[in-house]
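Here is the structure we will look at.
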Amino acid sequence: MPAPADYAELVARVAAASTAEGLTLTRRPIDELGLDLLRVDVAAQTADAARVGLFAGVHGDEPAGVAAALEFLEERRWTRHPSVAFSVFPCLNPTGFTLGTRENADGVDINRQYDRDDTPETRTLRAMVKHDAFDAFIDAHEDPDEDGFYVYAFLEDPAWHPSIVQAVAERGPVTGKAEVDETPVEAGLISVGEGRTQAEAFQEYMQGGDWPLPFYLYSRGMRSGMTTETPGQIDLATRVAMQHAARARLLELLAAARRKGA
Ligand SMILES: [Zn+2]
């Protein structure tokens, strides 16, 4: 099915997909907006399952993550990962998605607001994940200016990072650039730079305030995640396939690691 044209269509399709057994849809009203933020919980088929949070659509002009999250539900892709319990947040910026803008309808970049409750969308999301402790999470983004994929990855095992890029490369182009947004990138992986650890880099970024979502989750103890950036300059279907590939590879690696550790 094509990507949803607006938030109303997304809500209707998520609600329809969530009637499947094992799925629970939560709709939480966003103050002042007259719209609900959506969360779909997918029960695992096994005990001591991994808990994975899937987030998309914090920027309204980055539709591939939203479309991929919707397909994940509609195509029952979760059935391929029976040892994972999912919490899916298919669209974090409802008004921006409908308008096709990075910011929400008030002109606010929500993804610089997650350190506080000032913005209705971030206030709602922060409340919705208050009791969560995801073992891994994905924040699905796109870079509208780019023609190749890259990823901000800080997963529990750094060896997973190149494997995820490799899986994406089988579906579409990965950036060959050495720098994106004034940040060094190596083979599609955003680097924190020489001479400091990931944790040190995070501390430094977070002290600056204006947090994107991953910093909020990190501050809550969820320290394994990635932000996927599919390239907005290529066709949408390929970008959606690339988002699926990144997620699927992470889930395979996570499941394998847990089997080994069990
Ligand atoms: Zn974005």
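Both backbone and side-chain heavy atoms feed into the values below; hydrogens, waters and symmetry mates do not. In listed order, ligands and their atoms are each counted from 1.
In this pair, Phe134 and Phe55 present their aromatic rings perpendicular. The plane angle is above 60°, beyond the 30 to 60° band.
Residue Glu62 counts as close to the Zn ion (ligand 1), with an N, O or S atom under 2.8 Å.
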Could you walk me through whether Arg123 and Glu32 pass the salt bridge (charged side-chain N to carboxylate O under 4.0 Å, His left out) check? CA-CA 12 Å; Arg123 189 156 66 236; Glu32 305 161 34; 3.5 Å; yes
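A cation-pi arrangement, defined by a distance under 6.0 Å to the six-membered ring centre and an angle within 45 degrees of its axis, is absent between Arg126 and Tyr114.
A salt bridge links Arg27 with Asp36; the closest basic N to acidic carboxylate O contact falls under 4.0 Å.
Residue His141 approaches the Zn ion (ligand 1) most closely through its N/O/S atom ND1. Closest N/O/S atom of His59 to the Zn ion (ligand 1): ND1.
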